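From a predicted model like this one, the values you see are computed outputs, not experimental measurements. Quick note: residue numbers are just sequence positions, from 1. The basis for the numbers below is simple: all heavy atoms, side chains too, and nothing from hydrogens, waters or symmetry mates.
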Amino acid sequence: MEVTFTKAPGRRYFMTVVRESGPRLEPRQGPGYHDDLPHDAVHFVVESEAELLGGVFGRLARGESNIFVASDSKLQRRLARREARRPRPRSDREDMARSEALASLCLPLWE
């Protein structure tokens with residue numbers, strides 16, 4: 001999976017994800033802002049290093065849309081319905097919580 005973070009005009013950045021599994025995803029604006037290290041870049045590093053397969057990027061890698069939407073508008077609705085009905089495993093919830101906790105620690109340490 002290839003993840004690209006692009007700084008945009010103003011206090012914004014965009015993320016693009018290209019992956020082997022799942023539908024093509026639209027780039028999306030990332031939450032929050034930091035001049036040097038986008039919030040989602042911190043999550044990407046934390047999840048990779050801690051091997052959190054149920055975090056944002058682990059879910060994307062296994063084909064889920066998660067925080068993104070599919071490029072095909074007809075597919076967007078179908079995927080959103082399917083993912084809303086799918087029960088979320090406890091391990092995913094735990095990995096997501098761990099990712100948030102680690103990200104909130106790592107950015108201040110990096111600064």
Side-chain angles (χ1 to χ4, degrees):
M1 180 169 75
E2 181 179 308
V3 180
T4 304
F5 297 91
T6 305
K7 198 170 190 175
R11 298 177 53 82
R12 301 179 315 148
Y13 69 93
F14 287 87
M15 292 185 304
T16 305
V17 173
V18 177
R19 59 197 179 158
E20 295 176 18
S21 174
R24 184 168 172 259
L25 302 172
E26 282 294 307
R28 78 179 291 268
Q29 183 174 330
Y33 181 80
H34 189 282
D35 282 335
D36 300 312
L37 194 58
H39 175 76
D40 286 322
V42 176
H43 277 282
F44 184 76
V45 171
V46 162
E47 291 176 17
S48 176
E49 290 300 311
E51 299 179 358
L52 301 177
L53 301 178
V56 172
F57 294 97
R59 293 177 190 185
L60 288 169
R62 69 181 181 222
E64 294 181 34
S65 296
N66 201 359
I67 61 174
F68 284 78
V69 295
S71 295
D72 179 343
S73 60
K74 291 178 184 176
L75 190 55
Q76 283 178 16
R77 291 183 293 276
R78 189 170 74 221
L79 288 173
R81 283 192 306 269
R82 182 172 56 196
E83 288 184 15
R85 286 191 312 261
R86 179 183 304 152
R88 182 66 50 208
R90 181 179 183 170
S91 61
D92 279 7
R93 292 190 304 274
E94 290 170 351
D95 282 357
M96 190 65 82
R98 192 171 295 118
S99 177
E100 288 293 342
L102 290 171
S104 70
L105 293 172
C106 288
L107 183 59
L109 289 172
W110 179 82
E111 289 176 322

Atom pair CD/CZ of E20 and R62 - distance to nearest 0.5 Å:
16.0 Å
Would you give the length of the straight line joining atom CD of E51 to atom CD of E49, rounded to the nearest 0.5 angstrom?
8.5 Å
Do W110 and D36 touch side chain to side chain, with heavy atoms closer than 4.5 Å?
yes
Short side-chain to backbone donor-acceptor contact, [X] and [Y], under 3.5 Å:
X: R93; Y: R88; result: yes
X: S104; Y: A101; result: yes
X: E47; Y: S99; result: no
X: K7; Y: D35; result: yes
X: Y13; Y: P31; result: yes
X: R19; Y: L25; result: no

Taking atom CZ as the centre, does R24 end up with more than 12 heavy-atom neighbours from other residues, nucleotides or ligands that are less than 6.0 angstrom away?
no
Tell me, yes or no, whether the heavy-atom count around Q29 atom CD, taken from other residues, nucleotides or ligands under 6.0 Å, exceeds 12.
yes
What are the two closest non-hydrogen atoms of [X] and [Y], and how far apart are they?
X: R28; Y: D40; value: NH1-OD2, 4.0 Å
X: T16; Y: P27; value: OG1-CB, 3.7 Å
X: D95; Y: G54; value: OD2-N, 2.8 Å
X: A61; Y: S21; value: O-CB, 4.0 Å
X: P108; Y: L105; value: CD-O, 3.4 Å
X: S71; Y: E26; value: OG-OE2, 3.0 Å

Taking [Y] as the starting point, is it possible to reach [X] by hopping between hydrophobic residues whose side chains are less than 4.5 Å apart?
X: V45; Y: F5; value: no
X: M15; Y: M1; value: yes
X: L60; Y: V69; value: no
X: V3; Y: F68; value: yes
X: F44; Y: V46; value: no

Can you tell me which residue among E111, R11, H39 is in a side-chain contact (heavy atoms from CB on, under 4.5 Å) with H34?
E111
